[in-house]
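Structure first, commentary second.
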2 protein chains.
Amino acid sequence: MQASLEIDGGEELTERQKDVLNAALRLLVEEGDRLTMTAVARRASCSKETLYKWFGDRDGLLTATVQWQASKVRVAPIDRARIDLPSLTASLEGFASDWLSVISSETSIALNRVAIARAGSDGHGLGAIVLENGRMALARRLKPVLEAARDKGLLAFDDAETAFRSFFGLVARDVQIRLLLGDGLKLTEAQIGRDAALATRQFLALYGANDNRDEGRRRKPPSS
Amino acid sequence: MQASLEIDGGEELTERQKDVLNAALRLLVEEGDRLTMTAVARRASCSKETLYKWFGDRDGLLTATVQWQASKVRVAPIDRARIDLPSLTASLEGFASDWLSVISSETSIALNRVAIARAGSDGHGLGAIVLENGRMALARRLKPVLEAARDKGLLAFDDAETAFRSFFGLVARDVQIRLLLGDGLKLTEAQIGRDAALATRQFLALYGANDNRDEGRRRKPPSS
DNA sequence: AGTATGCCGTACCGTACGTTACGGTTCGGC
DNA sequence: GCCGAACCGTAACGTACGGTACGGCATACT
């Protein structure tokens with residue numbers, strides 16, 4: 001049945017297997033894509049034979065590791081009953097600072113690096129998984145909030161996808177690409193808070209419906 | 001004298017050497033980080049001995065290739081005498097669509113992929129070069145425009161760097177990370193034009209000084 | 001007790017690739 | 001014509017690493 005992408009991963013794993021994957025994950029953060037099966041076996045105090053029995057090959061180990069990390073950050077969908085401008089603002093700031101914390105974490109950087117490195121040659125398996133549990137998961141969590149806010153008349157937009165992508169851009173800016181390229185950018189907790197607040201204010205300025213500004217939102221391109 | 005980073009590259013190269021680097025570049029786009037010295041030699045119709053004589057080792061070849069590509073995209077600094085809102089808008093749209101074209105090109109994707117892959121383990125040489133000729137070069141070209149517009153009263157901001165990063169985010173959004181991760185995102189010329197226009201409108205909405213809105217720009221965070 | 005299963009540690013194999021070495025060819029200078 | 005330098009093509013070397021095989025040990029089941 002082809003089991004499209006096998007996103008679930010992380011279930012039906014022995015405790016021992018989780019330990020092994022955690023070791024692989026730590027090694028991945030330290031060594032990047034050049035970790036060796038021998039090193040993983042040594043770090044996890046298991047034999048290479050076991051690695052191959054459990055995960056098939058190096059690719060399988062990497063995939064399982066990425067899925068395992070993904071399954072750890074899965075969050076409960078937010079249940080939000082009533083929403084007003086303060087709670088919307090707080091919610092957006094929460095999303096923004098969560099996202100900034102994630103993309104600036106050593107783990108996320110390492111995972112994105114190997115997924116990007118392998119997206120060039122091999123099948124894009126890892127890239128799809130990382131994307132699905134990163135950007136796409138964020139969109140799935142944020143869009144209902146945006147749409148609820150629109151229903152309440154707090155936001156105005158035609159397409160939730162477009163609005164989300166603007167929010168994404170205002171939050172991430174150049175942070176992720178700079179970190180991935182090894183720039184020595186340091187994000188303190190305080191800086192993340194300020195950046196999240198700025199991005200939220202800017203997003204509300206662009207998509208907020210509480211007054212008569214509508215620049216850059218629904219106006220169609222003049223002619224063509 | 002340590003020659004910090006040796007950014008210039010591309011000068012003092014034989015025509016033949018440029019041919020070799022172009023071959024390496026094409027191969028890098030096709031094969032990604034797993035190109036072999038043998039393959040480069042075969043593609044460039046030169047001997048491996050020559051490759052090692054000219055570039056030292058595999059790392060040197062990769063670095064020279066990236067610098068060579070960087071030296072090709074260097075553009076003349078814009079000379080802009082008088083500036084008004086229409087010309088500022090056109091200029092911003094130009095920057096935006098140029099940047100979208102660059103980051104969605106096969107060459108840029110391939111180069112960023114190998115630089116990111118190698119930023120994990122080795123020294124961040126390639127990452128620094130890519131960053132310097134990508135994001136940083138864009139900032140150097142755009143900031144004078146922003147500041148000239150501020151002098152004319154068309155824009156309002158305290159920090160050109162912050163304004164630039166907002167513009168960067170509004171333009172790039174999730175495009176680069178998705179492409180690097182192998183998402184099948186296709187950017188047509190028309191779509192790039194629309195996205196550039198939208199980003200420009202949104203940027204002007206946030207940082208334009210032609211009316212009384214000031215959300216998310218100079219208002220300081222309430223307390224902390 | 002005896003046996004089977006699962007796993008650890010390690011030695012081993014095959015291959016891919018970076019790097020070096022070498023013979024042959026072209027070309028500019030005398 | 002002769003020489004040396006540069007370079008091409010290819011063979012050879014050394015190593016690193018993915019993947020496999022095997023012996024030993026511990027636990028569980030009969």
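Chain naming here is simple, since letters A, B, ... match the order of the sequence lines and numbering starts at 1 in each. Just so it is clear, the values below take in all heavy atoms, side chains as well, and ignore hydrogens, waters and symmetry mates.
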Donor-acceptor check, side chain of Ser108(B) to backbone of Ser105(B), threshold 3.5 angstrom: yes or no?
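No; judged by distance alone, with no hydrogens or angles, the pair does not exist.
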Is Gln17(A) reaching over with its side chain to a backbone N or O of Thr14(A), donor-acceptor style, under 3.5 angstrom?
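Yes.
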Using the heavy-atom set of chain B and a strict 4.0 Å cut-off, write down the first and last nucleotide of DNA chain C that makes it in, 5' to 3'.
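Endpoints of the contacted stretch of DNA chain C: dC17(C) to dC22(C).
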Whole Å only: how far is the NZ atom of Lys48(B) from the P atom of dG9(D)?
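Rounded to the whole Å, the gap is 13 Å.
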Rounded to the nearest 0.5 Å, how far does CD1 of Ile103(B) lie from CZ of Arg135(B)?
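Reported value, rounded in 0.5 Å steps: 13.5 Å.
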Working to the nearest 0.5 Å, report the span between CG of Leu28(B) and CD of Gln69(B).
10.0 Å
Just to verify, what does Arg34(B) make a salt bridge (charged side-chain N to carboxylate O under 4.0 Å, His left out) with, not counting sequence neighbours?
Glu31(B)
Could you tell me which residues satisfy salt bridge (charged side-chain N to carboxylate O under 4.0 Å, His left out) with Lys72(B), sequence neighbours excluded, listed by chain and number?
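Partners of Lys72(B) by the salt bridge (charged side-chain N to carboxylate O under 4.0 Å, His left out) criterion come out as none, since no residue qualifies.
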Does anything in residues 23-45 of chain B come within less than 4.0 Å of DNA chain C? Heavy atoms only, and list the residues if so.
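Residues of residues 23-45 of chain B under 4.0 Å from DNA chain C: Leu35(B), Thr36(B), Met37(B).
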Taking only heavy atoms on the protein side, list every residue of residues 49-60 of chain B lying under 4.0 Å from any atom of DNA chain C, sorted numerically.
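By residue number: Glu49(B), Tyr52(B), Asp57(B), Arg58(B).
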Of all heavy-atom pairs between Ala172(B) and Trp99(B), which one has the smallest distance, and what is that distance?
CB-NE1, 4.4 Å
Looking at every heavy atom in both Ile109(B) and Leu180(B), which two are closest together, and how far apart are they?
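So the two residues come closest at O-CD2, 3.8 Å.
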Pairs meeting criterion salt bridge (Lys or Arg N to Asp or Glu O under 4.0 Å) with involvement of residues 88-101 of chain B, two or more places apart
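Residue pairs passing salt bridge (Lys or Arg N to Asp or Glu O under 4.0 Å), neighbours aside: none found.
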Is the closest side-chain heavy-atom distance between Phe55(B) and Val20(B) below 4.5 Å?
yes
